Amino acid sequence: MTGLPRRRMYGSDHDDPDPYEQPVHEYVGLVGGALDGQLVDVSSWIPAARATGAMLITNDGAYGAGGRSPTTKPAPGEPGRWDWVGDTPERRAGLR
């Protein structure tokens with residue numbers, strides 16, 4: 001084995017020639033749920049946004065296409081991890 005396996009990026013297309021992490025970027029790993037094992041590029045996010053998590057779109061969750069897979073803020077001592085807390089059926093008002 002030549003190195004660690006590369007992890008897929010959240011939001012990459014199935015035909016993306018390089019859907020994996022890139023050097024000089026900062027990532028948060030998704031743990032649990034339909035998006036388990038994927039990475040979110042948070043390089044351009046301010047620290048306050050990183051601390052709140054995100055509602056990520058997934059077609060593979062409990063509600064199918066257009067459903068959201070919310071995440072929680074990182075656990076103390078684990079800023080590079082967002083844990084899955086459940087799926088929601090649709091976009092909530094004010095969130096994108």
Side-chain angles (χ1 to χ4, degrees):
M1 189 161 156
T2 60
L4 295 174
R6 298 176 76 195
R7 293 170 62 188
R8 187 167 187 80
M9 293 295 306
Y10 167 77
S12 61
D13 290 326
H14 71 280
D15 60 351
D16 188 329
D18 192 14
Y20 305 103
E21 68 266 33
Q22 301 297 316
V24 195
H25 286 249
E26 294 181 61
Y27 299 96
V28 171
L30 303 176
V31 179
L35 302 174
D36 185 55
Q38 293 187 37
L39 298 172
V40 174
D41 186 346
V42 294
S43 301
S44 63
W45 295 31
I46 62 171
R50 291 182 192 188
T52 61
M55 290 191 71
L56 304 170
I57 298 169
T58 180
N59 292 332
D60 298 326
Y63 297 98
R68 301 300 196 265
S69 186
T71 59
T72 62
K73 62 184 174 183
E78 295 187 68
R81 174 182 168 153
W82 285 350
D83 293 328
W84 173 79
V85 295
D87 293 341
T88 59
E90 59 189 290
R91 181 171 60 94
R92 293 183 185 166
L95 298 176
R96 296 179 186 210

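Remember, predicted model here, so these are calculated numbers, not experimental data. Numbering of residues begins at 1 and proceeds along the displayed sequence.
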Handout entry: From Tyr20 atom OH to Arg7 atom CZ, the distance as rounded to the nearest 0.5 Å
Key = 12.5 Å
Problem - Whether Tyr10 side chain and Gly29 backbone form a donor-acceptor pair below 3.5 Å - result: no
Problem - From Thr58, Asp83, Leu56, residue fulfilling side-chain contact (heavy atoms from CB on, under 4.5 Å) relative to Leu30 - result: Leu56
Exercise for the section: For residues Ala54 and Trp82, report the shortest heavy-atom separation together with the two atoms involved. Expected result: CB-CZ3, 3.9 Å
Exercise for the section: Among residues two or more places apart or on two chains, list those pairs meeting salt bridge (charged side-chain N to carboxylate O under 4.0 Å, His left out) that have a residue in residues 15-30. Expected result: Arg6-Asp18, Glu26-Arg50
Completion exercise
Residues passing the side chain to side chain donor-acceptor pair (under 3.5 Å) test with Asp36, sequence neighbours excluded, are none
Fill in the blank from the handout: Residues joined to Leu39 in its hydrophobic cluster, side chain to side chain under 4.5 Å directly or through other members, sorted by chain and number, are Met9, Tyr27
Problem - Side-chain heavy atoms of Trp45 within contact of Val40, under 4.5 Å - result: yes
